[in-house]
Peer 1: 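Just dropping this structure here.
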Amino acid sequence: MRILLTFLALLLVQSVFADQPRLRYSFKSSNGEFELKPSDTIFSDNKIYTDSIFNPNTKKYLISSYSYPDRYYWGLYNLKTNKLLYKIKNDSLFIETKTALISDNGQNIIIVDDYSGGFAIPNFEVIHFYDKDELTKTLTLGELLNNMCSVSYSVSHMRWSFDFNIIEKNMFEIETYEFYNYTFDLKGNLIKKISDNRIQEKDDIVTAKIRRLEKDKYSFKIIKSIRNNHEPETELIVVISDRTIRKIHGKFYGFLPSRNKKMETEFYKTVLFKNGKPINSEFRFPTYNGKEYCNLANKKTAGNTVYN
């Protein structure tokens, strides 16, 4: 009993603190030679200010600190000479809430809003490319995602990508929650877009309500389609073995092997459709955006520009 209570307490602590604002005031290049951080301006001072937010779950105040420089200008410094090379205006970027990547020569900075407090709308800006202090390109969610169902929400933040980095030959690479890999040059020009090699272009990732009709026959009612190959509310009748569905249902559920789990008569699942049928894949899909909002947002994206 004591072990169970300890486990529940740990889960409660995680749920309380997992979604706190992420603030960072220093970013360094991978070779450690350059650092991007707030720099003094005539608009700011060196004083550190504190603020508090009451947490009703813990009945305590969470204390956060900030300084005015982060509101105005950030500077790139050469750490060998401690010299300020150039500044980026930060009055609306809020770099401290995002992730900044710096090229090894200090020439380019890429700022990614990967843990955003915003909402999934097509014109929401998520990546900014800089050549020194010059903004060369801005990318929006609508240019990187096929639809607005492909984001994941926590209590107060949004995620839309798995991983990103500056790679060899001065290129920037990012993989979205739609399992597409984009490669750009450091000024933001698209070099290529390719699908994860385990997913073909005609495959789809769908969240569906799955219902058993009879032996080896199932109804899949589409709630949302990540690859946009199926319209919401479409019902697919699929002939597929009970054994395969048991594996799909049991994957990642609890501690027992999937073959020992009793399958419900109706359940919801995100699955990979390949050649018109769901398969038992190894993917751990994100918890995608809820159907009401994302399907509504998608209806308003007609004419939106995306990379194909």
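Just so you know, residue 1 is the first one in the sequence shown, and it goes up from there. All values below were derived from every heavy atom in this structure, side-chain atoms included, with hydrogens, water molecules and symmetry-related copies excluded.
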Peer 1: Just by distance, with hydrogens left out, do Thr270 and Thr207 show a side-chain donor and acceptor under 3.5 Å apart?
Peer 2: yes
Peer 1: Out of Ile248, Leu213, Ile245, which residue meets the side-chain contact (heavy atoms from CB on, under 4.5 Å) rule with Tyr218?
Peer 2: Ile245
Peer 1: To the nearest 0.5 Å, what is the distance between CD1 on Ile210 and CG on Leu236?
Peer 2: 10.5 Å
Peer 1: Checking the side chain of Thr136 only, and the main-chain atoms of Lys187 only, is there a donor and an acceptor separated by less than 3.5 Å?
Peer 2: yes
Peer 1: When you look at Trp160 and Leu145, which way does the side chain to side chain contact (heavy atoms under 4.5 Å, CB included) test go after all the steps?
Peer 2: CA-CA 9 Å; Trp160 53 276; Leu145 299 178; 4.3 Å; yes
Peer 1: List the steps, then state whether side chain to side chain contact (heavy atoms under 4.5 Å, CB included) holds for Ser26 with Glu35.
Peer 2: CA-CA 7 Å; Ser26 171; Glu35 181 181 16; 2.5 Å; yes
Peer 1: Do you know which two heavy atoms are closest between Tyr177 and Ser150, and how far apart they sit?
Peer 2: CB-O, 3.2 Å
Peer 1: Apply the test side chain to side chain contact (heavy atoms under 4.5 Å, CB included) to residues Ile166 and Ile110: give CA-CA distance (whole Å), side-chain angles for both, the deciding distance (0.1 Å), then the verdict.
Peer 2: CA-CA 9 Å; Ile166 293 177; Ile110 303 171; 4.2 Å; yes
Peer 1: Could you state the interatomic distance from CG (Leu141) to CE (Met148), rounded to the nearest 0.5 Å?
Peer 2: 5.5 Å
Peer 1: Using the rule given for side chain to side chain contact (heavy atoms under 4.5 Å, CB included), can you reason through Glu96 versus Trp74, listing the C-alpha separation, both sets of side-chain angles and the distance that settles it, and then say yes or no?
Peer 2: CA-CA 10 Å; Glu96 66 276 8; Trp74 282 44; 3.9 Å; yes
Peer 1: With the side chain counted from C-beta on, respond yes when Leu93 and Lys98 share a heavy-atom pair under 4.5 Å apart, and no when they do not.
Peer 2: yes
Peer 1: Check the pair Glu235, Arg211 against salt bridge (charged side-chain N to carboxylate O under 4.0 Å, His left out), reporting the backbone distance first and the verdict last.
Peer 2: CA-CA 11 Å; Glu235 185 176 13; Arg211 182 166 54 92; 3.6 Å; yes
Peer 1: Please find the pair of heavy atoms, one from Lys209 and one from Ile223, that lie closest to each other, and give the distance.
Peer 2: N-CD1, 4.0 Å
Peer 1: Please report whether the ring centroid of Phe179 lies less than 6.0 Å from that of Phe285.
Peer 2: yes
Peer 1: With a 4.5 Å cut-off on side-chain heavy-atom distances among I, L, V, M, F, W and Y, is there a chain of contacts connecting Leu139 to Ile121?
Peer 2: yes
Peer 1: Taking all non-hydrogen atoms of both residues, which atom of Glu201 and which atom of Tyr180 are closest, and how far apart?
Peer 2: OE1-OH, 3.2 Å
Peer 1: Which pairs would a plain distance check flag for residues 101-109, meaning a side-chain donor or acceptor within less than 3.5 Å of a matching protein atom at least two apart in sequence or in another chain?
Peer 2:
{"residue": "Ser103", "atom": "OG", "partner": "Asn105", "partner atom": "OD1", "Å": "2.7"}
{"residue": "Ser103", "atom": "OG", "partner": "Gln107", "partner atom": "N", "Å": "3.3"}
{"residue": "Ser103", "atom": "OG", "partner": "Asn108", "partner atom": "N", "Å": "3.0"}
{"residue": "Ser103", "atom": "OG", "partner": "Asn108", "partner atom": "O", "Å": "3.4"}
{"residue": "Asp104", "atom": "OD1", "partner": "Ser30", "partner atom": "OG", "Å": "2.8"}
{"residue": "Asp104", "atom": "OD1", "partner": "Asn31", "partner atom": "N", "Å": "3.3"}
{"residue": "Asp104", "atom": "OD2", "partner": "Ser30", "partner atom": "OG", "Å": "3.4"}
{"residue": "Asn105", "atom": "OD1", "partner": "Gln107", "partner atom": "N", "Å": "2.9"}
{"residue": "Gln107", "atom": "NE2", "partner": "Asp131", "partner atom": "OD1", "Å": "2.5"}
{"residue": "Asn108", "atom": "ND2", "partner": "Tyr130", "partner atom": "O", "Å": "3.4"}

Peer 1: Measuring from Tyr115:OH to Arg24:CZ, what's the distance to the nearest 0.5 Å?
Peer 2: 15.0 Å
Peer 1: Give me the one residue out of Lys215, Lys217, Arg212 that meets side-chain hydrogen bond (donor to acceptor under 3.5 Å, both in side chains) with Asp242.
Peer 2: Arg212
Peer 1: Just checking, Lys37 and Tyr77: is the charged tip under 6.0 Å from the six-membered ring centre and within 45° of the axis?
Peer 2: yes
Peer 1: Search all heavy atoms of Leu79 against all heavy atoms of Gly32 and return the closest pair with its distance.
Peer 2: CD1-O, 3.4 Å
Peer 1: Just grab all the disulfide bond (SG atoms under 2.5 Å apart) pairs involving residues 164-249, residues at least two apart or on different chains.
Peer 2: none
Peer 1: Shared ILVMFWY cluster between Phe129 and Met171, side chains joined below 4.5 angstrom?
Peer 2: no
Peer 1: Scan for salt bridge (charged side-chain N to carboxylate O under 4.0 Å, His left out) pairs involving residues 74-85, sequence neighbours excluded, and state none if there are none.
Peer 2: Glu33-Lys80
Peer 1: Roughly how far, to the nearest 0.5 Å, is the NZ atom of Lys28 from the CG atom of Leu76?
Peer 2: 12.5 Å
Peer 1: Report yes or no: does Tyr153 contribute a side-chain atom to a donor-acceptor pair with the main-chain N or O of Ala120 at less than 3.5 Å?
Peer 2: yes
Peer 1: Does one hydrophobic cluster hold both Val112 and Leu190, with members joined at side-chain heavy-atom distances below 4.5 Å?
Peer 2: yes
Peer 1: Could you measure the distance from the OG1 atom of Thr176 to the CG atom of Asn181? Nearest 0.5 Å is fine.
Peer 2: 8.0 Å
Peer 1: What I'd like to find out is whether the side chain of Glu282 reaches to under 4.5 Å of the side chain of Arg198, using heavy atoms alone.
Peer 2: yes
Peer 1: Hey, is the main chain of Asp113 close enough, under 3.5 Å, to the side chain of Ser116 for a donor-acceptor pair?
Peer 2: no
Peer 1: Under the disulfide bond (SG atoms under 2.5 Å apart) rule, what pairs show up with a residue in residues 130-210, not counting sequence neighbours?
Peer 2: Cys149-Cys294
Peer 1: Is His128 close to Leu135 at the side-chain level, that is, under 4.5 Å between some pair of heavy atoms?
Peer 2: yes
Peer 1: Answer yes or no: is there a side-chain heavy-atom contact under 4.5 Å between Phe184 and Ile191?
Peer 2: no
Peer 1: For Phe273, is the NZ or CZ atom of Arg227 found under 6.0 angstrom from the centre of its six-membered ring and inside 45 degrees of the ring axis?
Peer 2: no
Peer 1: Side chains of Lys224 and Val206: does their closest heavy-atom pair fall under 4.5 Å?
Peer 2: no
Peer 1: If you define the side chain from C-beta out and look only at heavy atoms, does anything of Ile205 sit under 4.5 Å from Tyr288?
Peer 2: yes
Peer 1: Taking all non-hydrogen atoms of both residues into account, name the closest pair between Ser161 and Asp114 and its distance.
Peer 2: OG-CB, 4.3 Å
Peer 1: Is it true that Gln200 and Ser195 share a donor-acceptor pair across their side chains at a distance under 3.5 Å?
Peer 2: no
Peer 1: For the residue pair Val271 and Pro278, what are the closest heavy atoms and their distance?
Peer 2: CG2-CB, 4.1 Å
Peer 1: Using side-chain heavy atoms (C-beta onward) and a distance below 4.5 Å, is Phe172 in contact with Ile127?
Peer 2: yes
Peer 1: Below 4.5 Å, heavy atoms only, C-beta onward: do Val126 and Leu144 meet side chain to side chain?
Peer 2: yes
Peer 1: For Glu178, what residues pass the salt bridge (Lys or Arg N to Asp or Glu O under 4.0 Å) criterion, not counting sequence neighbours?
Peer 2: none
Peer 1: Going by atom types only, do Asn147 and Asn228 share a side-chain donor-acceptor pair under 3.5 Å?
Peer 2: yes
Peer 1: Nearest 0.5 angstrom please: Lys169 NZ to Asp185 CG, how far?
Peer 2: 14.0 Å
Peer 1: Decide whether Glu125 and Thr140 meet the rule of one side-chain donor and one side-chain acceptor closer than 3.5 Å.
Peer 2: no
Peer 1: Should we count CZ of Phe119 as having more than 12 external heavy atoms under 6.0 Å?
Peer 2: no
Peer 1: For residues 152-186, which residue pairs qualify under disulfide bond (SG atoms under 2.5 Å apart), counting only residues two or more places apart or in two chains?
Peer 2: none
